[in-house]
Amino acid sequence: DAGVIQSPRHEVTEMGQEVTLRCKPISGHNSLFWYRQTMMRGLELLIYFNNNVPIDDSGMPEDRFSAKMPNASFSTLKIQPSEPRDSAVYFCATKRGSTGSDEQFFGPGTRLTVL
Amino acid sequence: QKEVEQDPGPLSVPEGAIVSLNCTYSNSAFQYFMWYRQYSRKGPELLMYTYSSGNKEDGRFTAQVDKSSKYISLFIRDSQPSDSATYLCASTNFNKFYFGSGTKLNVKP
């Protein structure tokens, strides 16, 4: 299995631009999570989906952030417009099941820099 | 207050030392407790997983949960330079995961 696939691995953009991060989950995993990691705030859950349905988006910082999961094989996290404080590493993670008992597998992350 | 609190370190120890990493959590409903290891510029990987209170051992690693004091611990025996990484504790309430901020460990040869 290829594991969780994220693209791009690195993104450098200018303030005000739209940024789209992509994630392909492990086949058969029906829970998908988007996290943001910074030195100051650590690893923060932004949103998670179960069976393609958003379950909890309370961690999404503001309306500039949106996430979609149109099918079981693909999810996007979009930031529009981007700001320098959005600079972070964004991780996608997936797991089987909808309880806490299954292992969560993380992708390699997208390192976002907003100038 | 964060749901899971962790001392960020950094922690520097000589090779062969016993390492103790600790976290506290606030939600008594948490049932599953995990330790993840994250190498530089990589995603976190699950290291240890415990359900409810008690100890779990896997090779040189022992995870311990004390639900009465809401305390999570990870012990590493005979630490190796390859153990140098950031260790994150985590807990779940149903399918929502809460992570500590991570402790950076450096094991010196």
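Letters go in sequence order (proteins before strands), and every chain restarts at 1.
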Does [X] belong to the same Ile/Leu/Val/Met/Phe/Trp/Tyr cluster as [Y], with side-chain heavy atoms less than 4.5 Å apart forming each link?
X: B:Ile72; Y: B:Tyr32; result: no
X: A:Phe91; Y: B:Leu47; result: no
X: B:Val65; Y: B:Tyr98; result: yes
X: B:Leu21; Y: B:Met48; result: yes
X: A:Ile47; Y: A:Leu21; result: yes

Should we count [atom1] of [X] as having more than 12 external heavy atoms under 6.0 Å?
X: A:Asp63; atom1: CG; value: no
X: B:Arg77; atom1: CZ; value: yes
X: A:Glu18; atom1: CD; value: yes

Side chain / backbone / both / neither for [X] at chain A, heavy atoms under 4.5 Å:
X: B:Gln38; result: side chain
X: B:Tyr36; result: side chain
X: B:Lys42; result: backbone

Do [X] and [Y] have side chains that get closer than 4.5 Å, going by heavy atoms?
X: B:Arg41; Y: A:Arg111; answer: yes
X: B:Leu46; Y: A:Lys95; answer: no
X: A:Tyr48; Y: B:Lys96; answer: yes

Using heavy-atom distances under 4.5 Å, tell me whether [X] contacts chain B through its side chain, its backbone, both, or neither.
X: A:Gln104; result: both
X: A:Thr38; result: neither
X: A:Leu45; result: side chain

- Rounded distance [0.5 Å steps], NZ in B:Lys2 versus CD in A:Glu44: 7.0 Å

- Message: Please evaluate residues B:Phe97 and A:Tyr35 with respect to the criterion ring pair (Phe, Tyr, Trp, His ring centres under 6.0 Å), reporting the C-alpha separation (whole Å), side-chain torsions for both, the decisive distance (0.1 Å), and the verdict.
- Response: CA-CA 10 Å; B:Phe97 288 71; A:Tyr35 292 91; 7.6 Å; no

